Protein chains: 2
Amino acid sequence: MIADALTAEIVGGGYGPGMKLPTEAQLALRFAVNRHTVRRALASLSEAGMVTARQGAGVFVTTVPTEYPLGRRVRFHQNVLASGRTPSRRILRMETRPASVPEAEALGLDPGSLVHLVEGVSLADDLPVGLFRSVVPAARFPSFPEAMQRLGSITAALVEQSVADYTRASTRLTAKLADAVQAGQLQVPQGAPLLRSITVNQDVGGIPVEYGVTHFVGDRVTLTVIPE
Amino acid sequence: MIADALTAEIVGGGYGPGMKLPTEAQLALRFAVNRHTVRRALASLSEAGMVTARQGAGVFVTTVPTEYPLGRRVRFHQNVLASGRTPSRRILRMETRPASVPEAEALGLDPGSLVHLVEGVSLADDLPVGLFRSVVPAARFPSFPEAMQRLGSITAALVEQSVADYTRASTRLTAKLADAVQAGQLQVPQGAPLLRSITVNQDVGGIPVEYGVTHFVGDRVTLTVIPE
DNA sequence: CCTCATTTGTGCGTATGTATC
DNA sequence: AGATACATACGCACAAATGAG
């Protein structure tokens, strides 16, 4: 992907906020691609909040390291890279067990149906920024644990299980305080503010395929969005 | 804009979730534009969460009326339209007064500096969904009140004041309970759950230009995002 | 199982408009 | 005023995935 190369270019090229990138034509020459391709890549970065284009002037870097742009197309990986940090993920626990009441409700399952559970921590430069817990129906995704173990990504695992076309997440965002367990896993004091997002992913038919809860560390992550 | 026409097409054309849109080629013929133009419009809708494209298959409607997709490029107007409702906005109050402590801090102003304040309600089908309050430095934007009065949009007013290139918002999201005043303005019971977003917009140079607080009615708005 | 038409995804070349400097 | 640079659009071509026969 050219967007990734451009990201590396910005991060590794010593670009700081406010600096002007080479022109689209120059970038097209450098990467030996068409200007349209460069433009799509730049549009991707612009959407992620890394750059801002000004007609007649140029494309400028707008990355502010402490910000964590949040959007439909934004990937955690890309944003952490943009801030010059190294993203990683650590899986804490995987198990198959009967669904809890809210899980069964969210997934439209009968109470007691088996679900696969994955729990882990997202890190930036080995500093925990998020604690995720995700469950999928075991009946529909029998080989999910294996795929998850192998791919290390919930999204990738679901895609491989033939739900490449699942509907984008509907997420409820609320604020919570870290309990003792979360505090330990996220390396924050107990009572630290967390941003909790309760997520339901569903396929094209409207059938839920994944129920996830993620707690972000408020002090280490800022969610960004265009208001109104 | 073709995206708007397509939105109207989906809303007014009796499209429901899961239904397949005409092919890109057919849409290009219908609107008498190039396929690339149709693709951009579709990409816009895809980003707003209204449709999902599947290579080799087609583009499918994914709109769920009760959801409120939240993203960088997502416009409130478009989302409300997508759910088949009519968006509007009512300005409650405009005044110029000294900045409060958090406002001055967020905007990098000296305590007591004058700021322009705008307060209003966003509605969908005349039902309040959000209560916004926004302040901008009066020294930098002397004619903001006039522009705001005329244009009815904070974004448009700022754009006219030569900050077309302001950096995307960094927003902190927290949960709050509605107090008596908010309850009255939003037409919800006191103590109803609100999603509060504290926003700071800054220009390319990193200088804050707008500080905004918006309270969304949790029961009427759902924020959507791709997790991880 | 394989073939093949369909449809989206990606890329190239070109042209014109418009804001910036 | 003129050169530069991004914004928008058209037309063509091929790759990749899908789905029907």
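Please read these numbers as outputs of a predicted model, since none were measured by experiment. Chain identifiers are assigned alphabetically (A, B, ...) following the order of the sequence lines, protein sequences preceding nucleic acid strands; residue numbering begins at 1 within each chain.
- Atom OH of residue B:Tyr211 and atom CD of residue B:Glu105 lie 9.0 Å apart, to the nearest 0.5 angstrom.
- A:Gln55 has its CD atom 15 Å from the C1' atom of D:dA3, to the nearest Å.
- Across D:dC6, C:dC12, C:dG9, the shortest atom-to-atom separation from the side chain of A:Thr37 is found for C:dC12.
- One can place NE2 of B:His36 at 11 Å from P of C:dG11, the figure rounded to the nearest angstrom.
- Between A:Glu24 atom CD and C:dG13 atom P there is a gap of 16 Å when expressed in whole angstrom units.
- Nearest-nucleotide positions on DNA chain C for A:Gly56 and A:Ala32 put A:Ala32 closer to the 5' end.
- Per the geometry, CZ belonging to B:Arg35 stands 12 Å off C1' belonging to D:dA15, to the nearest Å.
- Protein atom CG of A:Asn34 is 17 Å distant from nucleotide atom P of D:dG11, rounded to whole Å.
- Using a 4.5 Å cut-off on side-chain heavy atoms (C-beta onward), B:Val115 and B:Arg97 make contact.
- Atom CZ in A:Arg39 sits roughly 14 Å away from atom P in D:dA5 (whole-Å rounding).
- Remark: C1' of D:dA5 and CG of A:Leu29 are 14 Å apart, rounded to the nearest angstrom.
- If you take CZ of B:Phe60 and C1' of C:dT6, they are 12 Å apart, rounded to a whole angstrom.
- At least one side-chain heavy atom of A:Leu42 sits under 4.5 Å from a side-chain heavy atom of A:Leu21.
- Within the 4.0 Å cut-off from OP1 or OP2 of C:dG11, at least one side-chain nitrogen or oxygen of A:Arg40 is found.
- Using a 4.5 Å cut-off on side-chain heavy atoms (C-beta onward), A:Met148 and A:Ile91 make contact.
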